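Step one of this worksheet: look at the structure below.
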Amino acid sequence: MTCDLTLRDFRSIARIVNLAHRFNCRCTRVDATADADATQAMFAFDGPALALTRLRAQIDRILAYEASPE
Amino acid sequence: MNGAQAVVEALGREGVDFIFGYPGGAIMPMYDALFQHPVRHVLCRHEAAAVFAASGYARTSGRVGVCCATSGPGATNLVTGLLDAFMDNVPVVAITGQVRTELMGTDGFQEADVCAITQGITKRNFLVTDSTKIASTLHEAFALARSGRPGPVLVDIPNDLLKAQLDAAYVTDAVRPAARPATSARVSEAAVRDAVARIRAARRPVAIIGGGVRAGAVEAYRTFVSLLGLPHASTIMALGSASPNDPAYLGMLGMHGLKAANKAVQRADLLIALGMRFDDRVTGKPDRFARTAAVIHADIDATEFNKIIHADVSLHGDLRDTLEALVAELVRTQVPRFDDWASEAQQLGGPLPSDRVGDHVLSATDVLDRFFAAVPDDAVITTDVGQHQMWTAQRARPAHPRNYATSAGLGSMGFGFPAAIGAQFARPDAPVFAIVGDGGFQMCLPELATLRRYNVPAKILLIDNQNLGMVRQWQELFFSERYSATNLADNPDFAAIARAYGIEAFFVNDPHDADDVIARFVAYRGPALLHAACHPTENVWPMIPAGMTVDDLMEARA
């Protein structure tokens, strides 16, 4: 599974890598470029299908919580 | 003004009336700013209690609960309460002092990287690195805590930024973002039509309401279930959602839920899951849970869909909007009624099984039955964690979900009493009762001092069975009666401890005295403890063992 993400908080990279480990997935690649406002990050993960599904759901939640209140 | 004054002024702009906390070195400038400020600080006796009090305040008011602590140990003592709020979706903002910027990363005195520690247990956290952004960061934290699926947010502020001078315009002009809705899209009309078609075609539908109802959806929920005469059950997070005396309400479901609720769900051909997340304490074994039912799942958080249970229809959106859309679609033509099925479902239950051992020994369940007969309908109940929590959940009929606060998802012992303190500050005119066990109460005994200092009239019903009862029950049932580290027969004299703190105390150990003592305790004007010394081996029934189904339900010792 690969994920191309725009992260508002670059610390979320660490959070996502930790979650992958917690769900028994392997983070095989991380590419990230940060500027003042956002971080473009590409992740690649290996792991059981159910674990990858749960990981993706948790990543979506992180993205939702990162979004600015209006 | 300085940064600390900016913090306090920003709290005032957010409408904060109380902040629960404990002072220390790094956060001292904020305590100086709080001195004689209209935002009132409540001194708890442990940071863990402060965050639980903030959570109790938030759960019973619907407003954001606020707590604060100093750096290092102060901040780390907040961790359990933050996770507790995260699991139960409670809006809490925690403010922590941090060591001076120049000391960060040097293993300075009372230094902890609290942002790293709390990254996975908060919706988000912020380390403020610019004093001019203190107010705007706090406003963002409040908005985020309230937004969508609520939860805790932590703001960590270095000591030097709290002391730094800044222009007041950075506070007065700071933007206060509005709480963001869960989703910009309204619930899908096609999904609503699909859901209603399934409801119309169902013969044995059952609704389950979860903690999502707390986000202003109680009236919409009551309208929905009463329109259909729908049998419905509640998770522990949603107790109080049902209208009083609703004949179709089946009670709490799950591991220690009522038999009617669990059996009706298992017989259902359609499950309408509303703002609930299929916790393992509800489902037991997911692949055998409600296995003959199609599932309609409504939630504010799309990540909940298909996480545990496959949803045939997903309704993504605010729960009140979703329920109102379902009702609007239902009333377009003749509304189906399920009264006969509701009556049949109710018959699947029966009286709660009990281990009561006779009329000469005080039983915890008997105490609770008598207590609930004595408390006013508008009482706010908090509980700790363990057997008393389950006995209470089986019996309590709170008037509204905000009249009930319990540590549901995390199951944090030590929650109940400080949560009651927070609840009483939030609801000063409501009768507030903490129902606690002898294990959890001893995790927060010093909060008796908080109760006394502020003369908070919250009352504590202590169910003392001289055991860590729930663990003892599992040891009896699943660990060959090897009672390892659960015996608390050497408990202290709790009434004497309460009196030492200046709290009125009542004691009962004789069933014949129970009604009289409970009546005097309930009627007492001011903070009070009722120490009920109960039989030590009473178990919680019914019980579905972990990972099992209602087919494996136990109602008594083998």
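So that the names make sense, note that chain A is the first sequence line, chain B the second, and so on, each numbered from 1. No experiment lies behind these values; they were computed from the predicted model shown. Side-chain atoms are counted along with the backbone in the values below, which use heavy atoms only and exclude waters and symmetry mates.
Atom CD in B/Q119 sits 7.5 Å away from atom CD1 in A/I62 (nearest 0.5 Å). One finds the CZ atom of B/R149 at 4.5 Å from the CZ atom of A/R61 (value rounded to the nearest 0.5 Å).
Within the 4.5 angstrom heavy-atom criterion, atoms from both the backbone and the side chain of A/R11 approach chain B. The part of A/R54 that comes within reach of chain B is its side chain, from C-beta onward, which places non-hydrogen atoms under 4.5 angstrom from that chain.
Dense packing is recorded around CG of B/D287, with more than 12 heavy atoms of other residues, nucleotides or ligands lying under 6.0 Å away. The local environment of CZ in B/R100 is sparse, with at most 12 non-hydrogen atoms from other residues, nucleotides or ligands closer than 6.0 Å. Counted within 6.0 Å of NZ on B/K307, heavy atoms from surrounding residues, nucleotides or ligands total more than 12; the atom is thus considered enclosed. In the displayed structure, B/Y170 atom OH is contacted under 6.0 Å by at most 12 heavy atoms of other residues, nucleotides or ligands. Within a 6.0 Å radius of CZ in A/R15, other residues, nucleotides and ligands contribute more than 12 heavy atoms. Atom CG of A/N18 has more than 12 neighbouring heavy atoms from other residues, nucleotides or ligands inside a 6.0 Å radius.
The residue among B/G151, B/A302, B/G120 with the most heavy atom pairs within less than 4.5 Å of chain A is B/G120.
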Next item on the list: Output, in order, the C-alpha distance, side-chain angles, deciding distance and verdict of side chain to side chain contact (heavy atoms under 4.5 Å, CB included) for A/Q58 and B/T303.
Entry: CA-CA 7 Å; A/Q58 291 295 323; B/T303 66; 5.8 Å; no
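The two residues B/R124 and A/Y65 make their nearest non-hydrogen contact at CD-O, 3.8 Å.
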